[in-house]
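Here is the structure we will look at, set down as structure tokens.
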Amino acid sequence: MRALLARVDAVLVQAVIAATLSFAHLHDLAAAAGQGGWKAWAYPVSVDLLLVAAWRRLRSGGPRAAGWCWFLVALIASLGANVATAGLLDLGAVLAWLRILVAGWPAVAFLGGTLLAHTTPETAADPPPATPEPTTTAPEPEHRPAADTPRPVPVPAALVAHARKVADEHHARTGSAIDTPTLRARLGVPAPLAEAIAAQL
């Protein structure tokens, strides 16, 4: 924990020193370019805020093109002021093109800050199209052909006449109509034929 605090403290101290020096250089350059009073103090604030906004966009996880673009613009403005005030520029006679750049900076910073603050980064890709759930259709019942109705068994007329005699004899002897199994047994014919004969009695 102590090592972490020491490392964080060192980073914070370094950040404060760098920001203070850059702040002073931007103020001096703005004042030398004719932006006196409170306006000279507003320039370094504008540059630092644009850097922070660009850095937040880079950390947001969305598209980084806009973040890198405005981060480089603010970084060049800060580094340019640091280099220009390091003895390479006569602050008593600032060039016309540099005065133009300083005068136009507020509009550039406003544009960049607005785009970075009010453009919602796309943090997530479009969800994939929902796949339709497989519809399970009940299998259609098999259309089975209706069972063939049994064909009537052809019965010879002579056999029917013989069966009628057997049935009359059975009725005379027992007093009840003859049933199909008995008729079959008496005639000695298959069951389908016996049923066909019984149907005609």
If you group Ile, Leu, Val, Met, Phe, Trp and Tyr by side-chain heavy-atom gaps below 4.5 Å, do Leu116 and Val52 land in one group?
-> no
To the nearest 0.5 angstrom, please state how far the CZ atom of Arg59 sits from the CZ atom of Arg64.
-> 9.0 Å
Establish whether Leu79 and Leu58 are linked, either directly or via other cluster members, by ILVMFWY side-chain heavy-atom contacts under 4.5 Å.
-> yes
Common cluster, Leu50/Leu111, ILVMFWY with side-chain heavy-atom separation under 4.5 Å | yes
State, to 0.1 Å, how close Gly67 and Arg57 come at their nearest heavy-atom pair, and which atoms those are.
-> CA-CG, 3.7 Å
Do the side chains of Leu95 and Leu29 join up, straight or via other hydrophobic residues, at under 4.5 Å, putting them in one cluster?
-> yes
Nearest 0.5 Å please: distance from the CH2 atom of Trp97 over to the CG atom of Leu101.
-> 6.0 Å
Do you know the tightest heavy-atom contact between Trp105 and Ser46?
-> NE1-OG, 3.1 Å
Residues passing the salt bridge (Lys or Arg N to Asp or Glu O under 4.0 Å) test with Arg99, sequence neighbours excluded, are none
Sequence neighbours excluded, the answer for salt bridge (Lys or Arg N to Asp or Glu O under 4.0 Å) partners of Glu169 is Arg186
Out of curiosity, Asp179 CG to His170 NE2, how far, rounded to the nearest 0.5 Å?
-> 6.0 Å
What closest approach, in Å, do Leu26 and Ala81 show between heavy atoms, and which atom pair accounts for it?
-> CD2-CB, 3.3 Å
Which of Val47, Leu49, Asp48 passes side-chain contact (heavy atoms from CB on, under 4.5 Å) with Val45? It is Leu49
Ala30 and Val102 have their tightest heavy-atom pair at CA-CG1, 4.2 Å
Output for pair (Leu75 CG, Trp55 CH2), nearest 0.5 Å, gives 11.5 Å
Verify same cluster id: Trp70, Ile76 (apolar side-chain graph, 4.5 Å) | no
Side-chain donor/acceptor of Ser78 to backbone N/O of Ala74, under 3.5 Å | no
